[in-house]
Amino acid sequence: MDIQTLLDDDLSIATLPGVYHQFQEAMASDNTSFAKIGEIILHDSGLTARLLKIVNSAYYGFPEPIEKISDAIGVVGTEQLSYLVLSTVVTDKFKSIPESVLNMESFWEHSIACGLIAKELASYKSNLEPEKFFVAGMLHDIGQIVLCSKLPLLSMKFLLDLQSQSEQIDFLEKEELGFDHADLGASLLKKWNLSNFHVEMVAFHHKPNHSPNFAFEASILHFADNLANTMQLGSSGEKSVSPKLEEEAWESLGISDQISLFDLRQKISDTYDETVNLFLQAS
């Protein structure tokens, strides 16, 4: 079994919902108005309700209520709304994994926590776009969903083996399959025609120094993943790193003079529950 076989065998995994592609095509056109883009999203009532709920939440903190998608585009911006659409359709797409293999609610709770932490960290660097990091956090373990869907018994074995072994799950996967969930997730994002940024972030979130173009950005995601595990905000089945390794990774980011690790944990705790509800609960 190889990556391409896993992905090519199931079109429902290898493709994103049509509304996302229509949205992207409209955004790429020079002649498309905010109203036209809003009309595309309105065809999906669930997506429309969820997006309006998100843009009217403390996640953005706008002083006046936003009642239409076209208004949301004008306030949030097309690129940020694109990231929100992507995050929302992906969480809706994967709901059928048996709980005996992977608890999807806990999985997305972990992914959202990772996204929140990565977004917060990126906000302290003026040359970075925080919203891109939230999406990277949401998608970083997407390969695990594919493994659990296509190879459920083997995925259960990996998760059980973690309880008695010192290795991390990506090592166990690579030893058995020749690739890990990061490799698989990156290949899936390529099939979805997502940006090289997100492909590399997912591919190297366990080994950020190996990223050829986004090593620092991947180190942010790597730390966010570890901190989400340490704070026990959801779970994708991975282990926490040691306190010493966490501290070393924190110092390497070079933002400890702007926010302490204690204050970062507090900020994430303050916004975590509401953000999880926004992305996981239907309106």
Side-chain angles (χ1 to χ4, degrees), residues 16 20-21 23-30 32 34 37 41 50-51 54-62 66 69 71-91 111-142 182 185-186 188-190 192-205 208-209 211-228 249-250 252-259 264 267-268 271-272 274-275 278-279:
L16 282 170
Y20 177 74
H21 292 295
F23 175 79
Q24 289 295 97
E25 287 173 7
M27 288 224 308
S29 172
D30 294 334
T32 304
F34 288 172
I37 295 173
I41 295 175
R50 189 92 62 86
L51 289 175
I54 292 169
V55 297
N56 282 296
S57 72
Y59 183 87
Y60 280 104
F62 296 125
I66 297 170
I69 291 294
D71 293 339
I73 298 170
V75 175
V76 175
T78 54
E79 187 168 22
Q80 286 204 35
L81 192 69
S82 175
Y83 295 143
L84 282 181
V85 171
L86 177 61
S87 300
T88 305
V89 299
V90 169
T91 54
S111 300
I112 289 167
C114 183
L116 276 176
I117 296 166
K119 178 186 175 188
E120 180 66 23
L121 292 171
S123 71
Y124 294 96
K125 296 291 184 179
S126 60
N127 61 324
L128 300 180
E129 299 175 57
E131 206 67 43
K132 289 172 68 173
F133 286 78
F134 181 78
V135 175
M138 288 284 289
L139 299 178
H140 76 287
D141 277 338
I142 199 78
L188 178 59
L189 265 55
K190 282 183 182 178
W192 288 351
N193 293 318
L194 298 193
S195 68
N196 288 335
F197 171 86
H198 285 113
V199 171
E200 267 196 44
M201 291 284 278
V202 169
F204 298 103
H205 73 270
N209 292 337
S211 176
N213 300 300
F214 302 102
F216 177 73
E217 291 86 345
S219 70
I220 288 178
L221 184 59
H222 176 68
F223 178 81
D225 186 19
N226 287 332
L227 184 58
W250 168 247
S252 72
L253 296 179
I255 61 171
S256 57
D257 59 333
Q258 296 173 274
I259 184 173
L264 173 65
K267 288 190 77 170
I268 298 306
T271 58
Y272 171 73
E274 180 181 6
T275 308
L278 285 171
F279 281 90

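Pairing each heavy atom of A136 with each of M201, the nearest pair is CB-CE, 4.0 Å. Taking both residues in full, the closest heavy atoms of A203 and A182 are given as O-CB, 3.5 Å, listed atom of the first, atom of the second, then distance. The two residues G254 and K125 come nearest to each other via the heavy atoms O-NZ, 3.8 Å. Here the shortest heavy-atom pairing between P208 and S219 reads CB-N, 3.4 Å.
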| query | Stepwise, does the side chain to side chain contact (heavy atoms under 4.5 Å, CB included) test hold for F133 with I117? | reply | CA-CA 9 Å; F133 286 78; I117 296 166; over 6 Å; no
| message | Run the side chain to side chain contact (heavy atoms under 4.5 Å, CB included) test on L16 and L86 for me, step by step, so that the C-alpha distance in whole Å, both residues' side-chain angles and the decisive distance to 0.1 Å come before the verdict. | response | CA-CA 9 Å; L16 282 170; L86 177 61; 4.0 Å; yes
| message | One pair to check against side chain to side chain contact (heavy atoms under 4.5 Å, CB included): M27 and T32. What are the steps and the verdict? | response | CA-CA 7 Å; M27 288 224 308; T32 304; over 6 Å; no
| said: Apply side chain to side chain contact (heavy atoms under 4.5 Å, CB included) to residues V76 and F62 and explain how you reach the verdict. | reply: CA-CA 10 Å; V76 175; F62 296 125; 3.7 Å; yes
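Remark: K132 pairs with E129 by the salt bridge (charged side-chain N to carboxylate O under 4.0 Å, His left out) rule, at least two apart or across chains. Remark: K267 engages E120 in a salt bridge (charged side-chain N to carboxylate O under 4.0 Å, His left out) (not counting sequence neighbours).
Separation of atoms OH (Y83) and CD (E131) is listed at 8.5 Å; rounding is to 0.5 Å. Atom-to-atom distance recorded for M138:CE and S111:OG is 6.5 Å, nearest 0.5 angstrom. Rounding to the nearest 0.5 Å places OG of S123 at 13.5 Å from CZ of F134. The structure places CG of N213 at 4.5 Å from CD of E200, a figure rounded to the nearest 0.5 Å. The distance from the SG atom of C114 to the CG atom of L116 is 9.5 Å, given to the nearest 0.5 Å. Here NZ of K119 is found 7.5 Å from OG1 of T275. Values are rounded to the nearest 0.5 Å.
Looking only at side-chain heavy atoms (C-beta outward), L84 and F279 come within less than 4.5 Å of each other. Under the 4.5 Å side-chain criterion, counting only non-hydrogen atoms from C-beta, I259 is not in contact with L121. Residues F34 and D71 fail the side-chain proximity criterion, which asks for heavy atoms closer than 4.5 Å. Counting heavy atoms from C-beta on, the side chains of I69 and I37 never come closer than 4.5 Å. Between L81 and F23 there is a side-chain heavy-atom pair separated by less than 4.5 Å. Side-chain contact check for F223 versus L264: some heavy-atom pair is nearer than 4.5 Å. Side-chain contact between Y60 and I54: present, with at least one pair of heavy atoms (C-beta onward) separated by less than 4.5 Å. Between H222 and F204 there is no side-chain heavy-atom pair separated by less than 4.5 Å.
A side-chain donor from one of S195 and H198 sits under 3.5 Å from a side-chain acceptor of the other. A donor-acceptor contact under 3.5 angstrom links the side chains of H205 and D141, judged on distance only.
Remark: N196 CG is loosely packed, at most 12 non-hydrogen atoms of other residues, nucleotides or ligands lying under 6.0 Å away. Heavy-atom neighbours of K190 NZ from other residues, nucleotides or ligands within 6.0 Å: at or below the threshold of 12.
Side-chain atoms of S82 never come within 3.5 Å of backbone atoms of T78 as a donor-acceptor pair (strictly under, hydrogens ignored).
Each of T91, L278, V55 was compared with R50 under the side chain to side chain contact (heavy atoms under 4.5 Å, CB included) criterion, and only T91 meets it. For the side chain to side chain contact (heavy atoms under 4.5 Å, CB included) test with L188, the passing option among I142, L139, V202, V199 is I142; the others fail.
In summary, the aromatic rings of F214 and F197 are positioned with their centroids under 6.0 Å apart.
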